[in-house]
Amino acid sequence: MNLIEHFVNGKIIPGSSDKKGKVFNPATGEQESEVRLASRSDLDSAVEAAKKAFETWSSKPALQRARIIFKFKELIEKNSDELTKLIVSEHGKVYEDARGSLTRGLEVVEFACGIPHLLKGEFSENVGTNVDSWSMRQPLGVVAGITPFNFPAMVPMWMFPIAIACGNTFILKPSEKDPSCGLRLAELLSEAGLPDGVFNVINGDKEAVDAILTNKDIKAISFVGSTPIAKYIYENSAKNEKRVQALGGAKNHLVVMPDCDLDGAVNGLMGAAYGSAGERCMAQSVAVAVGEIGDELVSRLSKKAEALKVGPGMDKTSEMGPLVTKEHLEKVTSYVDLGVKEGAKLVVDGRGLKLQGYENGFYIGGCLFDHVNKDMRIYKEEIFGPVLSVVRVKTFEEAAKLINDHEYGNGVSIYTRDGDAGRTFASKIQVGMVGINVPIPVPMAFHSFGGWKRSLFGDSGMHGMEGIKFYTKLKTVTSRWPSGVRSNAEFVMPTMK
Ligand code: NAD
């Protein structure tokens, strides 16, 4: 059986622990690999390598670092088919969707190519007589990224291109459910000319994460995953004096106003609710039907949800692939059972789907609930599967209140032709990423990605200028080059004259 190891100091190395995890092909349900789960000593030796590499990497001119990142960009483009197939084989999502997610990661690499410009500081001449002041941003040291299963290439690429372009060295701890992509990216970085030790991959589970949290040489942690773990990472990073950004789970709403282009809203919802089998933190899992539009919305959605083509990710005709693991399939199925028990109307039931030739794959068809209300657990909790709930409200204000009262605040959208409704929504809604007639409002790499409320713990989002700030610390210098007479000692608080 294929054994997936770690990548430290420029090469694949066998871990010291006997602990291994299972990696499945979700399309067939077969186990295809084992992944080594790191011990604390594996993590500590990767940090040692990264710490050593930091000494020279951080003092390289930003332009030289940018050129390596640029070469990496070319290698991703050259190897995109292979990387996409790796994502499909371990995650299960359909090929074109996987390829799209790789492109969204690539955009961050492209952004990081501009690092000499992005790191420019500020300068003020003559802040006092013959005194100048300037600020500069310097790298932190060794930083770590802990990532979820649903975007094995894109989410790590939200982090490391910017972190290393800023001059840091990096430890990636990918999800143990689909670890291969992280290793392949490490090899491509080496091929691009990245010095050994600058980028390292440690595979593992909680033990590796806890080792990251307590290693004193790791200065910052970027985390993306579920809310309970994000909170754990946030609290323990703070306790161990580390900078932290911890992005958590979501329950995203798409508001369907009575005046909207209903076909646009329905098509938007189909892709946003069922794309990637709902395993996206920006999936729209709640449609909020305002006024009288509910019946027509549900009727159109149900026809499309019933017609969804579910199949293996490598089959070009599949619109939706399997879920990532058997356990996750069971969890999503149990939420559908729960919704029925809670009294929501199950309009389309995708449970128990068996595909000929793929009987052991982790498939579920698209599910659609109508008449879901705010007290139901299927409304309150993140299901992370292809389950769309329709909640009916009377007014725009009621829709906005529903969303603002939810514990999560990752993404949200409104479909309307009314500019006033769109503008008020963007201004007042308590959610970090807002779409207006756009179903999945994922910001581009030169803006920043991040939710509000319990969808993000910490102060900064991923990539864009938030990423630059997160991975650097600010230093401000005040200088005087005296000419002529030296001044005497002063014992009062200095003010500029
Ligand atoms: P997860 O929280 O189970 O795992 C994320 C990472 O944490 C993995 O690397 C995992 O190994 C590690 N981990 C898991 N349990 C741990 C524990 N007890 N202690 C320490 N570390 C632990 O998340 P997942 O199931 O891989 O991913 C799905 C979740 O990620 C969803 O909730 C989704 O909304 C969220 N997500 C959020 C965003 C965002 O930007 N907000 C993006 C993608 C995914």
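Ligands are counted one by one from 1 in listed order, and the atoms in each one are counted from 1 as well. In what follows, residues are counted from 1 in the order of the sequence shown.
Y335 contributes atom OH, which lies 12.5 Å from atom NZ of K341 (distance to the nearest 0.5 angstrom). Considering NZ of K251 and OG of S285, their distance stands at 4.0 Å, rounded to 0.5 Å. To the nearest 0.5 Å, atom CZ of residue R243 and atom OG of residue S460 are 8.0 Å apart.
Of all protein heavy atoms, the one closest to atom 35 (C) of ligand 1 is G225 O, 3.1 Å. Looking from atom 24 (P) of ligand 1 to the surrounding protein, the closest heavy atom is F149 CD2, 3.6 Å. Atom 44 (C) of ligand 1 has as its closest protein heavy atom N150 OD1, 3.3 Å. Of the protein's non-hydrogen atoms, S226 N, 3.5 Å is the one closest to atom 23 (O) of ligand 1. For atom 27 (O) of ligand 1, the closest non-hydrogen atom of the protein is P148 CB, 3.2 Å. At the shortest separation from atom 20 (C) of ligand 1 among protein heavy atoms lies V209 CG1, 3.5 Å. Counting protein heavy atoms only, atom 8 (C) of ligand 1 is closest to T147 O, 3.3 Å. For atom 16 (C) of ligand 1, the closest heavy atom belonging to the protein is I229 CD1, 3.6 Å.
Each of T169, N215, D217 was compared with K51 under the side-chain contact (heavy atoms from CB on, under 4.5 Å) criterion, and only D217 meets it.
Remark: ligand 1 and E382 share an N or O pair separated by less than 3.5 Å (distance only, no angle test). Here's the thing with E176: one of its N/O atoms is less than 3.5 angstrom from an N/O atom of ligand 1. An N or O contact shorter than 3.5 Å is missing between I146 and ligand 1 by distance. In terms of polar-atom proximity, D210 is not counted as a contact of ligand 1, lacking any N or O under 3.5 Å from an N or O of the ligand.
Near W158, meaning under 4.0 Å from one of its heavy atoms, ligand 1 places the atoms 40 (O). For ligand 1 and N410, the ligand atoms under 4.0 Å from any heavy atom of the residue are 41 (N). Atoms of ligand 1 lying under 4.0 Å from at least one heavy atom of V224, given by number and element, are 5 (C), 36 (N), 37 (C), 38 (C), 39 (C), 40 (O), 42 (C), 43 (C), 44 (C).
Between Y379 and H406, the ring planes are perpendicular. Angles over 60° get that label, and only those under 30° would be called parallel.
Among residues at least two apart or in separate chains, side chain to side chain donor-acceptor pair (under 3.5 Å) pairs with a member in residues 221-234 are K206-Y232, D210-Y232, S222-Q245, S222-Y471, K231-E235.
At a distance under 4.0 Å, a protein heavy atom can be found next to atom 18 (N) of ligand 1.
No more than 12 heavy atoms of other residues, nucleotides or ligands lie within 6.0 Å of CG in D459, so this atom counts as exposed by the packing criterion.
A donor-acceptor pair is defined here as one N or O able to donate and one able to accept, closer than 3.5 Å; such a pair exists between the side chain of N252 and the backbone of C281.
Neither the backbone nor the side chain of R280 comes within contact range of ligand 1; no heavy atom lies under 4.0 Å.
Aromatic rings of F111 and H447 (six-membered ring for Trp) have centroids beyond the 6.0 Å cut-off, not under it.
Taking each heavy atom of L368 and V298 in turn, the nearest pair found is CD2-O, 4.2 Å. Taking each heavy atom of L37 and K20 in turn, the nearest pair found is CD1-C, 3.7 Å. Here the shortest heavy-atom pairing between V431 and N410 reads CG1-O, 3.3 Å.
Note on ligand 1: Y408 sits outside its first shell, no heavy atom being nearer than 4.0 Å.
Closest to atom 40 (O) of ligand 1 by heavy atom, among F223, F449, F384, Y232, is F449. Comparing heavy-atom distances from atom 41 (N) of ligand 1 across G248, C281, S455 singles out G248 as nearest.
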